[in-house]
Amino acid sequence: MIDIKFLRENPDQVRLSQKGRGEDENIVTRAITADDERRAAIVTFEALRAEQNVFSKSVGAAKGDEKTLLLERGKELSAKVKIAEAEKVEAETKARELLMLLSNLLDPKAPIGGEEDFVVLEHIGTPRDFKKDNFEPKDHVELGKLLGAIDTERGAKVSGARFYYLTGVGALLEFALVNYAISSAVKAGFIPVIPPVLVKPAAMEGTGFLGQAAENVFNLEKDDFYLVGTSEVPLAAFHMDEILSPEKLPLRYAGYSTCFRREAGTYGKDTRGIIRVHQFDKVEMFTFCKPEDAVAEHQRLLQWEKDFLQAMEIPFRVIDVASGDLGSSATRKFDCEAWIPTQNAYREVTSTSNCTEFQARRLNIRMKDDQGTKPVATLNGTLVAIPRMIVAILENHQNSDGTVNVPAALQPFLGMTRFELV
RNA sequence: GGUGGCGUGUCCGAGCGGCCGAAGGAGCGCGCCUCGAAAGCGCGUGUUGGGGAAACUCAACCGUGGGUUCAAAUCCCACCGCCACCGCCA
């Protein structure tokens, strides 16, 4: 949610931002009108209510016939107040609904355009030349089979398309990745967290996932729960309705959880393997900080993501995601894309977003300083999303016989230097 | 799942139809006292929203949502959460 005062004073800036995202600009005018109506309704209601408060006091003192008379008038007033209050509530609800429809203000530095209009910020590492190694790389599905690490066929049998089993070294690799991620996060000062993955609507809505992203969220209607698509949701909502002390900021959490995604509208896309799946585990970084520190914190999160990929010895590039491809909460987003040899392409493996005060305003997370109480900034970033990292490791570190070398950083966590054929 | 109890400000805790935004205490801030501190004394100390240039003022908030009433922290209903005990399951 953006600041209503900012919206009133800078409607054109908000229109420009909506346009840059390819979203409806007309909401701006509608939201401002609704806000005017809201304030008018408040004035009407409060005037009546004040009158009633004064009046009610005089009733208590009165006696006999006089009192009977006053009670009659009181009833009339009471009815008026009731109507005015209902109108006020309606106006407030409408104003809030419209305000909630607006996405976060774009960072002026974010490239404008659609999915393809990202800007490459840097390349780290060089894609391996398999011609020089004299063999054709196998894809992760084939390698996963040879190593007894990934079983997509049985995943489909039991749960359907986009489900899989991690078995043997595949399962061990997940544990190693998670342990490495969590231990480096703890070293960096993060508080490790295992959050709930079923959340109430308020958490989902507050994080901004019930807008355009709603179709990708699993909903348990019968019990009014949502399955989180990322631990960003329970981590953001962790401090919902709280006032944080500024001395404690930045607060950094590293959440490990399963993530569930419907992947609606992706039929036929990435159907092979485990690039795009309905369920996976992920270690996510999440920061609450002062708004003025958010840009620097975003760079820090990006750096931790880069450190992780470098430790995995994966060639990758960093892109500045274009406006049309940002989530509604993000003002700016950087993706790290790993080189996937058999696709001859860079594919997103991690991603970090600066949500400024947008989520905090929706979730009512504030800080208190001498200026008063105001919303904090929130940021998130992937440390490791398991399936895609497994894909990147298997494909990039494979040998001609199908065995796979374990990156040095993971060896202590795995107790082996190579994945052997089964 | 059953029974009983509870949910009030930063915290503890009183209030159980109007005089209650709410006693008292703790904490915190400022001042006095002191060489300095502690103790003591005095004053102050919530959030949100509206109006106003401001001083200030009005409204709402006692778990949440409804209801009764001229008037609700206080009465009624539902829900949520916490605690205790019993039953069942892991």
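So that the names make sense, note that chain A is the first sequence line, chain B the second, and so on, each numbered from 1.
- B/rG49 and B/rG44 are spaced 26 Å apart, taking the P atom of each and rounding to whole Å.
- Distance, A/D3 CG to B/rU48 P: 13 Å, rounded to whole Å.
- Contact check, A/R49 against B/rA60: a side-chain N or O comes under 4.0 Å of OP1 or OP2.
- Remark: the separation of the C1' atoms in B/rG7 and B/rU64 is 11 Å, to the nearest Å.
- In this structure, the CD atom of A/E87 is 19 Å from the P atom of B/rG50, given to the nearest Å.
- Between the C1' atoms of B/rC77 and B/rC19, the separation comes to 30 Å (whole Å).
- Residue A/E242 contributes atom CD, which lies 17 Å from atom C1' of B/rG46 at whole-angstrom precision.
- Counting to the nearest Å, the C1' atom of B/rC80 and the CG atom of A/D241 are 14 Å from each other.
- A/D35 places its CG atom 14 Å from the C1' atom of B/rG51, with the value rounded to the nearest Å.
- A donor-acceptor pair under 3.5 Å links the side-chain atoms of A/N104 to the main chain of A/S329, judged by distance alone.
- Which of B/rC70, B/rU68, B/rA72 sits closest to the side chain of A/K82 comes down to B/rU68.
- Nearest-nucleotide mapping onto RNA chain B: of A/I4 and A/N53, the residue sitting toward the 5' end is A/I4.
- Nucleic acid contact class of A/K200 (heavy atoms, under 4.0 Å, all strands): none.
- B/rA71 atom P lies 10 Å from atom NZ of A/K75, rounded to whole Å.
- Phosphate contact (OP1/OP2 of B/rA71, side-chain N/O of A/Q52, threshold under 4.0 Å): present.
- Looking at A/H278 and A/Y164, their side chains never bring a donor and an acceptor atom within 3.5 Å of each other.
- Between the side chain of A/E46 and the base of B/rG49, at least one donor-acceptor pair of N or O atoms lies under 3.5 Å.
- Between A/E85 atom CD and B/rG65 atom P the separation is 11 Å, expressed in whole Å.
- Between B/rC16 and B/rC76, the two C1' atoms lie 14 Å apart (nearest whole Å).
- Checking A/D107 against A/N354 by side-chain atom types alone, no donor-acceptor pair falls below 3.5 Å.
- Here B/rU68 sits opposite no nucleotide as a Watson-Crick or G-U wobble pair (both hydrogen-bonding atom distances under 3.5 Å).
- Residue A/R366 places at least one side-chain N or O under 4.0 Å from the OP1 or OP2 atom of B/rU48.
- Considering CE of A/M100 and CD1 of A/I27, their distance stands at 13.0 Å, rounded to 0.5 Å.
- Residue A/R38 places none of its side-chain N or O atoms closer than 4.0 Å to OP1 or OP2 of B/rG49.
- Remark: B/rC61 base-pairs with B/rG46. Criterion, Watson-Crick or G-U wobble with two distances under 3.5 Å.
- Side chains of A/T403 and A/E420: no donor on one and acceptor on the other come within 3.5 Å.
- Set against B/rU47, B/rG51, B/rA71, the side chain of A/V43 has B/rG51 as its closest nucleotide.
- Using cut-offs of 30° and 60° on the angle between ring planes, the pair A/H239 and A/Y253 is tilted.
- As rounded to whole Å, 11 Å separates atom P of B/rC80 from atom CZ of A/F225.
- When only modelled atom types and interatomic distance are considered, A/E395 and A/Q343 share no side-chain donor-acceptor pair under 3.5 Å.
- Pair check for B/rU3 finds B/rA84; Watson-Crick or G-U wobble, both atom distances under 3.5 Å.
- Side-chain proximity of A/S56 to B/rU47, B/rG51, B/rG18: nearest is B/rG18.
- The side chain of A/I42 sits closest to B/rG49 out of B/rC70, B/rG49, B/rA59.
- In the set B/rG18, B/rA59, B/rG50, the nucleotide with an atom closest to the side chain of A/F45 is B/rA59.
- Using a cut-off of 4.0 Å between Lys/Arg side-chain N and Asp/Glu carboxylate O, A/E263 and A/R276 are scored as salt-bridged.
- Comparing A/L77 and A/K88 along RNA chain B, the residue whose closest nucleotide (by nearest heavy atom) sits nearer the 5' end is A/K88.
- Comparing the same atom, C1', in B/rU69 and in B/rC28 gives a spacing of 41 Å after rounding to whole Å.
- Nucleotide B/rG24 has B/rC12 as its partner under the Watson-Crick or G-U criteria, with both atom distances under 3.5 Å.
- Using a 4.0 Å heavy-atom criterion, one finds that A/E72 contacts no nucleic acid atom at all.
- Not one side-chain nitrogen or oxygen of A/S78 sits closer than 4.0 Å to the OP1 or OP2 atom of B/rU69.
- Shown here, B/rC41 forms a base pair with B/rG31; the pair counts as Watson-Crick or G-U wobble because both key distances fall under 3.5 Å.
- The separation of B/rG81 from B/rG63, taken at their C1' atoms, amounts to 7 Å, rounded to a whole angstrom.
- Between B/rG4 and B/rC89, the two P atoms lie 24 Å apart (nearest whole Å).
- Taking atom C1' on both nucleotides, B/rC62 is separated from B/rU10 by 16 Å, rounded to a whole Å.
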